[in-house]
2 protein chains.
Amino acid sequence: MENFIVHCNRLTGLTESAKVDLRTKLTTKHIAKGHYLLQDGNTCKYLFFINQGLAKTFFFKEDKEFIMRFFTESNLFTVVDSFGNQQPSGYAVVALEDTSYTTLSYDDLQTLCQRHHCMETFFSKLLAKAATHMMQRITEMLEDNPAERYARFVTNNQALLQRITLGDLASYLGITQVSLSRIRARK
Amino acid sequence: MENFIVHCNRLTGLTESAKVDLRTKLTTKHIAKGHYLLQDGNTCKYLFFINQGLAKTFFFKEDKEFIMRFFTESNLFTVVDSFGNQQPSGYAVVALEDTSYTTLSYDDLQTLCQRHHCMETFFSKLLAKAATHMMQRITEMLEDNPAERYARFVTNNQALLQRITLGDLASYLGITQVSLSRIRARK
DNA sequence: GTGATTTTTTAACTTATGTAAAAAGATAAG
DNA sequence: CTTATCTTTTTACATAAGTTAAAAAATCAC
């Protein structure tokens, strides 16, 4: 729970009173590998902060699974459109390992934002960070071919690589598992 | 200038005093086709609102140009990472037609956010909308092949299609112009 | 209107990817 | 240990995309 606050405070300085107030709104939960933090079709009611474990955000198109992003220790995230507009999510979030995470609900965040200007700033920073990450992702998909995307992922996510399947990695990279296997073989 | 305020007000209700205050901070500019609203390497100091005209956000990789997004009438936007952190931008913005646009500077936005809670909310909504758009873009790049991406663009951007070159469209879709030409030919 | 420039299409060739199916390897459960 | 399941690699084939170059079409400037 403290880690959530430390992380928020790092995004933008929080006042002591905001920290005290925030602490009362946090809930820590545990979920087993394979279970859902959010089912697609449901509205995302929370900001999620992963204390320990690993999760992926993904969606289906005709049973095929496409991965938007992996989240691990100290990642603070949500499903932006569902959370921001409190509408059903087209994306699901599932635990890839047994996972401990801390949540802050939409309603509580609204309350905190009304009470503390710094919390509104915090939320803006969080959204800007998410947007920046997605911009980077789009950039990579435009400028890199599959082999380059794989190479970049390996360099930037050395640790994560040990924890995800190559099937999931292929899905994230936007290629088939067969193609990823060939890319790995040919160098 | 009024359009900028109307647009903000639509994102989140603004108080009358915020509107009055905001109005004093807006500047309207005109730029000719081919000229830059932002050069890459420079820090993006503004939110841009296009009154009339068309612009594209893009970046270079070894002289090759890759288009992030097109912006036209009533689009409110910025280069999120550069603007949010006030650091040099890896992306440029150029006018594709003679363009009239209204700006709000980073410093003025900060001031307005301090004075009016609704302006902070407005900025959050703007970021959430940008993030949602990018999430949609990533989704399309994952689930659709080039031909499907082209078809989707045509349906969703009928009007825009008349105003951009097929070279720029190919760049946006992440394929070569030759490939786009073949896709168009084969149906 | 004519020449110059830009945009778009076509052609030929090479390489990479998707698909489907099977084999090999690794992991987990009993 | 052994079976069952999940993960990864390999094979074979068809299709689509990238590259380079050239031609055709459209647009712009004088």
Side-chain angles (χ1 to χ4, degrees), chain A residues 32-35 53-56 58 60-67 70 94-98 138-154 157 160-187, chain B residues 32-35 53-56 58 60-67 70 94-99 138-154 157-158 160-187:
Chain A
K33 174 175 172 172
H35 286 76
L54 176 63
K56 67 177 173 187
F58 68 103
F60 289 101
K61 186 197 181 186
E62 301 153 12
D63 341 317
K64 265 206 219 157
E65 199 180 293
F66 296 87
I67 298 181
F70 300 102
V94 70
L96 296 178
E97 298 173 354
D98 292 354
I138 295 167
T139 298
E140 287 166 15
M141 294 185 94
L142 288 177
E143 77 180 2
D144 295 341
N145 62 32
E148 291 167 333
R149 291 207 292 279
Y150 169 69
R152 195 194 286 258
F153 189 94
V154 170
N157 304 279
L160 190 55
L161 208 59
Q162 325 296 325
R163 300 166 71 181
I164 60 176
T165 67
L166 292 176
D168 273 356
L169 177 53
S171 165
Y172 177 85
L173 295 175
I175 57 178
T176 62
Q177 184 167 351
V178 175
S179 185
L180 175 57
S181 191
R182 280 187 293 228
I183 288 168
R184 285 160 53 84
R186 76 175 177 240
K187 66 160 178 175
Chain B
K33 173 174 173 173
H35 286 75
L54 176 62
K56 67 177 173 186
F58 68 104
F60 288 101
K61 185 197 182 187
E62 302 153 11
D63 342 316
K64 263 204 220 158
E65 199 179 294
F66 296 87
I67 297 182
F70 300 101
V94 71
L96 295 177
E97 299 173 354
D98 293 354
T99 295
I138 295 168
T139 298
E140 287 167 15
M141 294 184 93
L142 288 177
E143 77 179 3
D144 293 342
N145 63 31
E148 292 167 331
R149 292 207 292 279
Y150 168 69
R152 197 194 286 259
F153 189 92
V154 170
N157 304 279
Q158 197 65 52
L160 190 54
L161 208 59
Q162 324 296 326
R163 299 166 70 181
I164 60 176
T165 66
L166 292 176
D168 273 356
L169 176 53
S171 165
Y172 176 86
L173 296 175
I175 58 179
T176 61
Q177 184 169 350
V178 175
S179 185
L180 176 57
S181 192
R182 279 189 294 228
I183 289 168
R184 285 160 54 83
R186 78 177 177 238
K187 67 160 178 174

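The structure displayed is predicted, hence computed values, not measured ones. Side-chain atoms are counted along with the backbone in the values below, which use heavy atoms only and exclude waters and symmetry mates. We name chains A, B, ... by the order of the sequence lines, and we start the count at 1 in each one.
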Please check the phosphate of [N] (OP1 and OP2 only) for any side-chain N or O of [X] closer than 4.0 Å.
X	N	answer
B/Arg184	C/dT9	yes
B/Lys64	D/dT19	yes
A/Thr176	C/dG18	yes

Could you tell me how far apart [X] ([atom1]) and [N] ([atom2]) are, to the nearest whole angstrom?
X	N	atom1	atom2	result
B/Gln177	D/dA25	CD	C1'	13 Å
A/Leu161	D/dT7	CG	P	16 Å
B/Leu169	C/dT8	CG	C1'	13 Å
A/Glu65	D/dT7	CD	P	11 Å
A/Ile175	D/dT15	CD1	P	22 Å
A/Arg182	C/dT15	CZ	C1'	11 Å
B/Leu96	C/dT6	CG	P	16 Å
B/Lys33	D/dT27	NZ	P	11 Å

Considering every strand and a 4.0 Å limit on heavy-atom distances, what is the contact class for [X]: base, sugar-phosphate, or nothing?
X	answer
A/Leu180	nothing
B/Ser179	sugar-phosphate
A/Ser181	base

- [ ] Would you please test B/Ile164 and B/Ile67 for side chain to side chain contact (heavy atoms under 4.5 Å, CB included) and show each step?
- [x] CA-CA 12 Å; B/Ile164 60 176; B/Ile67 297 182; over 6 Å; no
Choose from [options] the nucleotide whose nearest atom is closest to any side-chain atom of [X].
X	options	result
A/Thr165	C/dT17, D/dA17, D/dT7	D/dT7
B/Leu166	C/dT8, D/dT8, C/dT19	C/dT8
B/Arg186	D/dT19, C/dT8, D/dA17	D/dA17

TODO: Indicate yes or no: at least one non-hydrogen side-chain atom of A/Asp144 is less than 4.5 angstrom from one of B/Lys61.
DONE: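 Contact flag for A/Asp144/B/Lys61 side chains = yes.
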TODO: Quick one: sort the B/Phe70 and B/Phe153 rings into parallel, tilted or perpendicular, breaks at 30° and 60°.
DONE: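 Because their plane-to-plane angle is over 60°, the rings of B/Phe70 and B/Phe153 count as perpendicular.
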Open item on the list: Judged by each residue's nearest nucleotide on DNA chain D, which is more toward the 5′ side, B/Ile183 or B/Val178?
Closed with: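 Comparing both residues, the 5'-ward one is B/Ile183.
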Open item on the list: Whether the side chain of B/Asp98 engages the backbone of B/Ala32 through a donor-acceptor N/O pair (distance < 3.5 Å, no angle test) should be reported.
Closed with: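 Not confirmed, B/Asp98 side chain does not pair with B/Ala32 backbone.
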Open item on the list: How long is the straight-line distance from CG of A/Leu142 back to CG of B/Leu173, given to the nearest 0.5 Å?
Closed with: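 These two atoms lie 9.5 Å from each other.
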